[in-house]
Amino acid sequence: MRQRRTVSRMLCQVCGADTLKHDPERQLFVLKDVGRPIEEGELTTAAPVCPPCALIAIEHCPHLRGHVAAWVERPLPWGVAGILYDRDTLSPVPGDDLVKVAYGDPARHWLVATRQVLSLNGCTAVFKDTEYLLPAGAVGPQRPLPREVVTT
């Protein structure tokens, strides 16, 4: 329930704050590194994070020790993820991962959904080194964050 609430309301997955208050035009997503930057249309079950929590999460969350991040302008509802059941045997379909199914897919009727899935659109990759909060290729902040958002 917490995941679906944070995803549907664009709340920070760490502190629960409204990420739209930090920047109403884009949200920060930090995902496990799979060997490439976050791509346009990427599907994820991750909720956004506010910038101060992103810095804390990448330092303390083992899942994010290797990570990629992007500012996303349009995180759109895409579908659900969960355990897919075989229509004929009514047994779970074998596999280690949750199955992602689009809202319009007939397979959704055979899925026990546990997470909401977003499609990330309008992605701008960000550095994960010293200038973590800057969009890739930027000389300075394109949209400076309010002073109270940035922590030292």
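The residues of the chain are indexed from 1 along the displayed sequence. As the structure is a prediction and not an experimental result, all values here were calculated from the model.
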Could you list the residues that satisfy side chain to side chain donor-acceptor pair (under 3.5 Å) with [X], not counting sequence neighbours?
X	answer
D18	none
S119	N121
E42	R36

Give the minimum heavy-atom separation between [X] and [Y], together with the two atoms involved.
X	Y	value
A54	L28	CB-CD2, 3.6 Å
A113	V80	CB-CB, 3.7 Å
P75	F29	CB-CZ, 3.9 Å

Side-chain heavy atoms under 4.5 angstrom apart, residues restricted to Ile, Leu, Val, Met, Phe, Trp, Tyr: same cluster for [X] and [Y]?
X	Y	value
V49	L64	yes
L120	V117	no
L11	V30	no

Check: [Y] main-chain N/O paired with [X] side-chain donor or acceptor under 3.5 Å:
X	Y	result
E73	E25	no
R65	E59	yes
E40	G122	yes
Q13	T6	no

- Qualifying residues under side chain to side chain contact (heavy atoms under 4.5 Å, CB included), relative to C15, sequence neighbours excluded: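 Checked C15 against side chain to side chain contact (heavy atoms under 4.5 Å, CB included); matches are C12, A17, C50, C53.
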
- Query: Got a sec, which residues hit side chain to side chain contact (heavy atoms under 4.5 Å, CB included) with R87, two or more places apart in sequence or on another chain?
  - Reply: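 R87 satisfies side chain to side chain contact (heavy atoms under 4.5 Å, CB included) with W110 once adjacent residues are dropped.
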
Which atom pairs, one a donor and one an acceptor, fall under 3.5 Å between side chains of residues 91-106 and the rest of the protein, sequence neighbours left out?
unit_1: Y103; atom_1: OH; unit_2: G79; atom_2: O; d: 3.4
unit_1: D105; atom_1: OD1; unit_2: A107; atom_2: N; d: 2.8

- Task: Report yes if some heavy atom in the side chain of I38 is under 4.5 Å from a heavy atom in the side chain of T44; otherwise report no.
- Result: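 I38 vs T44: side chains apart.
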
- Query: Taking it one step at a time, do V14 and I56 satisfy side chain to side chain contact (heavy atoms under 4.5 Å, CB included)?
  - Reply: CA-CA 9 Å; V14 177; I56 294 166; 5.6 Å; no

- Message: side chain to side chain contact (heavy atoms under 4.5 Å, CB included) for L118 and W78? Distances and angles first, verdict last.
- Response: CA-CA 5 Å; L118 295 174; W78 179 86; 6.0 Å; no

Gap separating the [atom1] atom of [X] from the [atom2] atom of [Y], nearest 0.5 angstrom:
X	Y	atom1	atom2	answer
R26	L20	CZ	CG	12.5 Å
H60	L55	NE2	CG	10.5 Å
K32	H67	NZ	NE2	13.5 Å

- Residue that, paired with Q27, satisfies side-chain contact (heavy atoms from CB on, under 4.5 Å) out of M10, H22, R74: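 Filter result, single survivor: M10.
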
